[in-house]
Amino acid sequence: MNSQKSAPSRPKLVPNLSLKERNTFGFEASAELAYEITSPEHVSEVINEVLNKKLPWRVLGGGSNVILPKLLPGATLLMNIAGQEIISSDNHSVLISAGGGVNWHEFVTWTLEQNLPGLENLALIPGTVGAAPIQNIGAYGVEIGEYIESVEAFDAHSQAFTALTKEQCQLAYRDSHFKRNPNRFILTKVIFRIPKQWKARIHYADLAKQFSENPNPSPEEIFLAVCKIRTHKLPDPKLIGNAGSFFQNPIVPIEQFETLLHKYPELVSYPDAAGKRKLAAGWLIDQCGFKGQRMGNVGIYENQALVLVNHGNGTAQDILGLAKCIQEKVHDQFGVKLDIEPNIL
Ligand code: EPU
C-alpha cells in the first residue's frame, strides 16, 4: 500500500463553457475560463493565479440566484466541492459539515435520513450548501442562520483560508457579511449545529393550512408538505426559467406601514425589528396587476407575482427591464422601494 499522499489534482479548466444549463433562468451565457472546483486546494490555486494575472473572477454555485450576462470574462469557479458528514454529537446537538458544492435539497434529504430533523422547512430550495449562508436562505418560518455553527472560506483579500463563526457571518434577512463583501470569500465548507430536541414549526400560514387537522406532524410530513407547496407556487426551472423570489420583501418604518394599512386594509405584512414591518412584495406587485403578464421573452409567473420568468430566449437585459418597470409601478402606487434579490453578475 502506498502511504504517501498523492499530489492534489489541478482544477479542470474548460474555455468558453456554456452556462445555459447552469443558471436556472436558462439565459444563454458563457464563461471565458471555467474552472471545476472539487477541493479547497483548487480554490487557492485558481484565485492566486487570477489575482496575479489581474483577471476578473466569480464563483458559480447552483446558478439559482444569479442573473448572467452573455459573457463572463476572466475566471468562473464552478463550485463542486462534495461530501457531508456527522462531526460530533453531545447531549444537546449534533455537528455536521457539508462541502460548498453539495446540492441544498439533497443535503436536507440526507439530514432527515440521518434522523437529524430541523431543516425540513427549507426543502427544495434550489442552490448549493455554499450559497446558503451568503443570502441566509429562509422559507416557511425558518432561516438557515439558526443552524449555522461556522463557515470555512478562502479569503481573496488575505489569500488564505479562514473560519468564520456564525456571528462573524453577520446573517440578516437574505443578507450576510459575504453578500456585503462580494468577490472576497469563497465558501468551501459549512458546519451546522442541529439541536437534538425537535419541534414542528408549522406556524407559517401556508403550512398551518396543510396541518389544520394534524397538529403534530413528523419531520417527513413537513418535508413533503413544503415540497408540495413550493412545487405549486414556484415554477420548475427545467420547464420555465426563474430564480425564485426576484425581489426581497421590503422592510419599512412602522409609520409608513400604518399609513399604507389604513389605505389598503388587505396589505400583507410580517413582524420585523422594533419600529419596522416587512411587507409581502408579492402582494404589492400583484396589486399592481402584474401577475401572469408578459413583456417579450420574459414575464411574471401566473401563480406568484414575486417570481419573474424567462419564457425562452430572454436575456439579463430583458429581465432587468421588466424589473425596473415593476419597481417603478410599485413605487408610484405604494411609495415602497423593491430591491432585487438575485446577484447581477
Ligand atoms: N401574495 C399575493 N400575490 C402573489 C404572491 C403573494 O397576494 O402573487 C401574498 C399572499 O397573500 C401571501 C403573501 O403575499 O400571503 C406572501 O407570499 P408567500 O407566502 O408566497 O411568500 P413570499 O413572501 O412571497 C417568501 C420568501 C420565499 C419563501 C416563502 C415561504 C422572500 C423574498 N421570499 O416569499 O423565498 O420560499 O416566503 O417562506 O423572502 C426566495 O427567496 O427565493 C424564496 C422563494
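As the structure lists them, so they are numbered: ligands from 1, and atoms in each ligand from 1. These figures come from a predicted structure and were not determined experimentally.
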Nearest protein heavy-atom contact for [atom]: which residue, which atom, what distance?
| atom | answer |
| --- | --- |
| atom 23 (O) of ligand 1 | N249 ND2, 3.0 Å |
| atom 3 (N) of ligand 1 | D286 OD2, 2.8 Å |
| atom 24 (O) of ligand 1 | L306 CD2, 3.2 Å |
| atom 1 (N) of ligand 1 | W283 N, 3.7 Å |
| atom 6 (C) of ligand 1 | Q304 OE1, 3.6 Å |
| atom 38 (O) of ligand 1 | Y140 N, 2.6 Å |

By number and element, which atoms of ligand 1 are closer than 4.0 Å to a non-hydrogen atom of [X]?
| X | answer |
| --- | --- |
| K233 | 18 (P), 19 (O), 20 (O) |
| V268 | 11 (O), 13 (C), 15 (O) |
| S245 | 26 (C), 27 (C), 31 (C), 32 (C), 33 (N), 35 (O), 40 (C), 41 (O), 42 (O), 43 (C), 44 (C) |
| A280 | 13 (C), 14 (O), 16 (C) |
| E341 | 32 (C), 40 (C), 41 (O), 42 (O) |
| K291 | 3 (N), 4 (C), 8 (O) |
| F247 | 32 (C) |

- Message: By the definition side chain to side chain contact (heavy atoms under 4.5 Å, CB included), identify the one residue from V59, I186, I81, L60 that meets it with I37.
- Response: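 Passing option: I81.
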- Qualifying residue for side chain to side chain contact (heavy atoms under 4.5 Å, CB included) with V309, from I240, N297, I300: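 Single pass found, and it is I240.
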- Message: For residues 135-164, which residue pairs pass the salt bridge (Lys or Arg N to Asp or Glu O under 4.0 Å) check, not counting sequence neighbours?
- Response: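 Counting only pairs at least two positions apart or across chains, the salt bridge (Lys or Arg N to Asp or Glu O under 4.0 Å) contacts touching residues 135-164 are E146-R201, E149-R193, D155-R184.
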- Can you find a pair of side-chain heavy atoms, one from K337 and one from P250, that are under 4.5 Å apart?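 Heavy-atom side-chain distance check fails, nothing below 4.5 Å.
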- Item | Contact check, side chains of Q327 and I340, non-hydrogen atoms, under 4.5 Å |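 Side chain of Q327 against side chain of I340, heavy atoms only: contact under 4.5 Å found.
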- At a non-hydrogen distance cut-off of under 4.0 Å, which region of Y270 contacts ligand 1 (side chain, backbone, both, or neither)?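 The answer is the side chain of Y270.
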- Taking only residues two or more places apart in sequence, or in another chain, which ones meet T315 in a side-chain contact (heavy atoms from CB on, under 4.5 Å)?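 side-chain contact (heavy atoms from CB on, under 4.5 Å) list for T315, sorted by chain: K70, Q317, D318.
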- Strictly under 4.0 Å, does any heavy atom of R230 approach an atom of ligand 1?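 Heavy atoms of R230 do come under 4.0 Å of ligand 1.
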- Query: Can a salt bridge be assigned to the pair R174 and E341 using a cut-off of 4.0 Å between side-chain N and carboxylate O?
  - Reply: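 Salt bridge flag = yes for E341 with R174.
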- R277 bridged to D272 by N-O distance under 4.0 Å: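 Not counted as a salt bridge, because no side-chain N and carboxylate O are separated by less than 4.0 Å.
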- Message: Geometry only, no angles: is A305 polar-contacting ligand 1 at N/O separations under 3.5 Å?
- Response: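 N/O-N/O distance under 3.5 Å: yes.
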- Can you find an N or O of R174 that's nearer than 3.5 Å to an N or O of ligand 1?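 Looking only at distances, the answer is yes, because the N/O contact criterion of under 3.5 Å is met.
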- With rounding to the nearest 0.5 Å, note down the distance linking CG in L306 to CD1 in I326.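 One gets 9.5 Å once the value is rounded to the nearest 0.5 Å.
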- Taking the minimum heavy-atom distance to atom 32 (C) of ligand 1, which of Y301, Y173, F290, Y204 ranks first?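 Among Y301, Y173, F290, Y204, the closest heavy atom to atom 32 (C) of ligand 1 belongs to Y173.
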- Message: Students often mix this up, so state it plainly: with edges at 30° and 60°, are the rings of W104 and F192 parallel, tilted or perpendicular?
- Response: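 The arrangement is tilted - the two ring planes meet at 30° to 60°.
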- Message: Does the plane of the ring in F185 sit parallel, tilted or perpendicular to the ring in H177? Use 30° and 60° as the thresholds.
- Response: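 Geometry flag for H177 against F185: tilted rings.
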- Query: Less than 4.0 Å between atom 10 (C) of ligand 1 and some protein heavy atom, yes or no?
  - Reply: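 It does not; no protein heavy atom is within 4.0 Å.
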- Message: Determine whether the aromatic ring centres of residues H105 and F223 are separated by less than 6.0 angstrom.
- Response: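 So the answer is yes for these two rings.
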